[in-house]
Amino acid sequence: MKKVTFEFVGQDAEEMAQKFYTWFVDGGLEDQVVDTLSDMGPSEVEVVEIDNEKLNIILNCKYKE
């Protein structure tokens with residue numbers, strides 16, 4: 001497992017973090033990320049868990065069939 005962290009600091013950081021998370025989950029960014037990473041290979045990427053309380057998103061990488 002490898003983790004990438006986005007951390008918002010400064011004025012309105014909490015609000016901006018929520019906006020980024022909402023953009024990913026509800027605004028179409030999720031599909032773009034999954035499609036782009038899968039196209040770049042060597043693995044396919046899929047979202048396996050979204051935790052709205054912790055603003056946590058888990059992506060699974062699996063070999064392309």
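None of these values were measured; they are calculated from a predicted model. Keep in mind that the numbers below use all heavy atoms, side chains included, and drop hydrogens, waters and symmetry copies.
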What pairs with Asp39 under side-chain contact (heavy atoms from CB on, under 4.5 Å), at least two apart in sequence or on another chain?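 For Asp39 there are no side-chain contact (heavy atoms from CB on, under 4.5 Å) partners, ignoring immediate neighbours.
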Indicate every side-chain donor-acceptor pair of residues 41-50 with a distance under 3.5 Å to a residue at least two apart or in another chain.
| from | atom 1 | to | atom 2 | distance (Å) |
| --- | --- | --- | --- | --- |
| Glu46 | OE2 | Asn60 | ND2 | 3.1 |

Over 12 non-hydrogen atoms of neighbours within 6.0 angstrom of NZ in Lys64: yes
Measure the OH-CD1 distance between Tyr21 and Ile57 for me, rounded to the nearest 0.5 Å. 5.5 Å
Which residues satisfy the ring-ring contact (aromatic ring centres under 6.0 Å, His included) test with Phe6, sequence neighbours excluded?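 Phe6: ring-ring contact (aromatic ring centres under 6.0 Å, His included) contacts with Phe20.
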Mind checking whether Leu37 and Val4 sit in one hydrophobic cluster, side chains of I, L, V, M, F, W, Y counted as touching below 4.5 Å? yes
Heavy-atom pair of closest approach, residues Ala13 and Phe8: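 Looking at all heavy atoms of both residues, the closest pair is CB-O, 3.4 Å.
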Please list every donor-acceptor pair under 3.5 Å in which a side-chain atom of residues 22-35 meets a protein atom from a residue at least two apart or in another chain.
| from | atom 1 | to | atom 2 | distance (Å) |
| --- | --- | --- | --- | --- |
| Thr22 | OG1 | Gln18 | O | 2.9 |
| Thr22 | OG1 | Gln18 | NE2 | 3.2 |

Strictly by salt bridge (Lys or Arg N to Asp or Glu O under 4.0 Å), give each pair with a member in residues 3-23 just once, sequence neighbours left out. Glu15-Lys19
